[in-house]
Amino acid sequence: MSSQITYVDVILPLALPQAYTYAVPIDLVPFVKIGQRVIVQFGKNRFYSAIIKNINHKKPAVDAKLIETIAEEEAIVTETQLKFWKWMSEYYMCTEGEVMNAALPSGLKLSSETKIRYNENYEGDFDTLNEEEFLIVQALRAQQEIKIPQVQDLLKKKNVYPSLKTLFNLSIAVSSEEVVEKFKPRTVTYIKLNEKYEDDEELEKIYAELGRAPKQVELLLAFSQLGKKSKFIRKNELLALSKSTAAVLAALVKRNVFTEFKMEVSRLGNLQTAELDSPELSAEQKTALAEINQHFETKNVVLLHGVTGSGKTNIYIENIKEAIAEGKQVLYLLPEIALTAQIINRLRKIFNTQVGIYHSKFNQNERVEIWNKVLHGEYKILIGARSGLFLPFKNLGLVIVDEEHDNSMKQADPAPRYNGRDSSIVLATLFNAKVILGTATPSVETYYNTERGKFGLVKLDKRYGGIEMPEFVIANIKDDTKWQRMQGSFTSTLVNEVSQALSKKEQVILFLNRRGFANYQVCKTCSYVYKCKNCDVSLTYHKFSHQLKCHYCGYFEKMIDKCKSCVAIDLDIVGMGTEKIEDEIAELFPTAKVSRLDYDALKTKHGHAKVISEFENREVDILVGTQMVTKGLDFDHVSLVGIINADQLIHHPGFRSHERAFQLMMQVAGRAGRKNKKGRVVLQTSDPAHTVIYNVMNSDFKRMYETEIGMRRQFQYPPFARVIEVKLKHTKVQNIEQASLYLANEMRKTNTGKVLGPAIPFVSKINNYYIREILIKSTVDSKKLLQTKHALQQVLDKMKTLPDIKSVSVSVDVDP
DNA sequence: AGCACGCCGACT
DNA sequence: GTCGGCGTGCTC
C-alpha cells in the first residue's frame, strides 16, 4: 500500500484534449490536494503551472514525469470550480485548459523563461560562427545572461533557435529554464531603529558619534519624534516628513542605527467610506422585492423586468443584504461598460470593505489579490464583468446578472465562448444559489423562460413619474416612392412627425444602423463597386473626411472622382449612412439644431459625453445616431424616434443578427416617450407586411416578444433549438470550400442535427484569411444536444486527418 | 501554446 | 549545393 506511487491528473493552461498525468515525488505526497497549483514540465523544456484535477494510484500508459513543485500549499481552485470548468468545457465545446486560461488571472499562470548564459570555460575561437551567432556571443559576453525575446530583438527575426543550437552544440553557451512567478506581492519598506538604541544611553552615544554629520542627526531626531508610538515607520513617510534624503538614510542603515525591512501589503487599499443606509424602497419596489422572495421559494431564477429608472438597484441591495445575513457570498455581474464608478460607489457606501471589484482594468497582481480575498471569504460581494464568475467562491448564495440581455455577456473570442448569464445560472445551481436577472429589455430566451414558468417574473414597470409604451407608426417607403413623396431618405410621415415634435419643442432621435455617408460607391458606366482590399466588402463613403472607409478592418482611401476601373467620371453614391441623414435632416429643418452620435463622431467631433450632455440639456433638437444612442441613455424630452430603415433591421440573414436587430429595435423604441406622455416611433419600411413590427403595431412589448417567439418556434431558432456555429478559417479558399462541404456532408450523414450550410453563400475574408460559418441546429433536449456535439467532435477530429483540409482552423460556438 | 522534425524555394 | 521558410505532430 505505502509503496504505491501517487499520480495526479492535471489541467494545463493549453488547448489540450485530455488531462495529463504526473507522478508525485514521495516527499510531496502528503501535501498534494485537488485544486492545488503545481508546477510541471510539459514538453522538452517548458514549465507551466497546472491545476490538480484528481489524485490516484493508477499507472498511466506512458511514463509520467514528476511534478516539479507545489506552487502553494493551499488549493487555489475549489472543487466546485473544477466541476464548473468541466461543465463549461463540455457545453461550449472547448478544452478544460481553455477554461482554465479564461478563469485564472494570469498572475496565477506562470510560464518558464529560457535563459542563455555564456560558458566561461569555453576556450575555442569563434571562427566558425556566422554573423548572427557572433552577435549573440557578443551580447552574452556583455550581459552574461539573456532571454529569448532579447535574442529575437537582436537578430530582428523570430526563429532564433538554429543559431542558439549551434552555440549550445559548441558549448559556447548554456541554457537554463527559469520558472517565473508572475504574481509579486506588493511590499512596503519600513525603517526600524536598531534595538540597541532603544536604550537612551546608547542613543546619546550615537548622537555624539554623528556630530559631524548634521543631516543624519536631523533624520534620527525626526525618527525618534515620529516613531514614538510604534517602533517602525514607512520609509517613504519618514523621508517625506523629515525632509531628508534616501542617501542620508542609507548612511544610517549602513551604520546599523536603522534596519530596513519589507512587509507585504495589499494593493487594493483600504476602501473605508462613510457608511450609508440603504435607500428606502418605494411601494412598488417593496412589492417587487416580496415577489422575488416568493418566487425563490419554488424557483432558482427570477427575471426582474424593470424599465430604466425604476430602481432595480435598490431591490438588489435588499437581496444582497439578505444573502449576507445568511453568511453567503454574492456575485453581481454587469457588462463591462456598465461597471461605472457610480454603481460601485453606491454599493461600497452601503457594504463597505465587503465589496470587491473584478474587471479588465485591474492589473494582474491586483486580480490575484482579489482572487485570494474571495477564496478566503474576505469579500462577501463581488461586482464584476462576466469573468467574475470564475472567482473561487466558497458559499455563493446569490447571483445578480444586471443587463442580462447585453450581448457583451457573451464572450465571442477566444474559447471558451461562453455566455455569462447562462453560465452563472449553472454556477448558481452548483451552489444551490439564487439568481436575479435584471433588465429593461429581456433577451428573448429569458422572456421565454419566464413565460413557460422556468424563471420567475417580477415586473417593475413604473418609473418614478410613470411612463407608457410608445405608439408605433408605419411609414411605407414604397408607397411614398411611387407617389414621389419621399424627401431624400425620409417619408412624408416621418417628416410630418418630426415637424410636429419640433413645433412642440420636443426632441427627436433618428436611428440608422449604418454610419458614414453612403453604403457604397459605384461607377455609373461600368458598375465598378469600390471594395476593400482586405475584406471584400464595399467601402463606405464618408463625406466629412472625404474618404472611402472599410467598417470591417478600418482600411480607408481618399475618395477620387473618377472610376478606378474605366475612364468614366460619373460615379454614383448608393445607400445611406448617418452622415447623410444628418445632412438631409439639417436641410429639411434648417432652424433645428442637429447632432450626430456614432463611432466617427466620437473621434472627429467632441466625444460621446459632450454629444450626450448637449442633447440632455436640450441644446440639440435632433440626434442622428447608430446603436450608440441606446447605450445607457435616458432622455426625458424625446417624444419621437424615427427608425430610418426598419427593413434593414428586420430582414437580415442569420438569427444572430435577427436577435440583435430585435433588441436594438426595442431599445431604440424605448427611448421615445416622456413623463406622463406617450412617445411615438416611426418605422420606415418598404415591406410592412413582412416587418415583425407590423404585427405589433400600436401594441405593447409583450406582443412584440410573443411574435418574435412565435417566429422562432416556427423556424426553430433558440430558445427552441440549440445552434452550434462552426467557423472555418484558412488562407486558401479551396480549403475552406472543401472543409465546409466535408463538414456539412458528414454532419448530415450523422443525422444528429439540421445543417445550415455551406449553403449559406458567404465566405468572408479578413486579413488574408477566408472564413466560413456552418450552423448546426439541434434540439433543446440535452441528450440530443450531447449527441450532436459528440458527432461534430468526431467529424472535426476526422477532418484533421484528411490531407487536403487538415490545416483548416476551426472554432466552435454554442448558442445559447 | 511551444518546440522539433521534415520537406520545398531563394540564396552562396 | 545549403539556409530557412512553415506545415505537421507531440507533449504525461
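The chains referred to below are lettered A, B, ... by the order of the sequence lines, with proteins before strands, and numbering in each begins at 1. The figures that follow rest on heavy atoms only: side chains count, while hydrogens, waters and symmetry mates do not. Note that this is a predicted model, so its numbers are computed, not measured.
Here the rule is side chain to side chain contact (heavy atoms under 4.5 Å, CB included) with A/Y358, and of A/I370, A/V374, A/L389, A/I383 only A/I370 fits it. Just one residue in the list A/M88, A/Q81, A/E90 forms a side chain to side chain contact (heavy atoms under 4.5 Å, CB included) with A/V99, and that residue is A/M88.
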What's touching nucleotides 9-12 of chain C from the protein side, N or O pairs under 3.5 Å?
residue	atom	partner	partner atom	Å
C/dG9	OP1	A/K806	NZ	3.2
C/dT11	O3'	A/G43	N	3.4
C/dC12	OP1	A/G43	N	3.4
C/dC12	OP2	A/K65	NZ	2.5
C/dC12	O3'	A/T21	O	3.0
C/dC12	O3'	A/K65	N	2.5
C/dC12	O2	A/T21	N	2.9

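Ion pair A/R772/A/E737 flagged as a salt bridge, since at least one NZ, NE, NH1 or NH2 atom sits closer than 4.0 Å to an Asp/Glu carboxylate oxygen. Salt bridge A/K33/A/E74: absent, no basic N to carboxylate O contact under 4.0 Å.
OP1 or OP2 of B/dC3 lies within a sub-4.0 Å distance of a side-chain N or O belonging to A/R46.
Applying the side chain to side chain donor-acceptor pair (under 3.5 Å) test to A/Q41 and every residue at least two apart in sequence or in another chain returns nothing.
The CG atom of A/N101 sits 10 Å away from the P atom of B/dG2 (whole-angstrom rounding).
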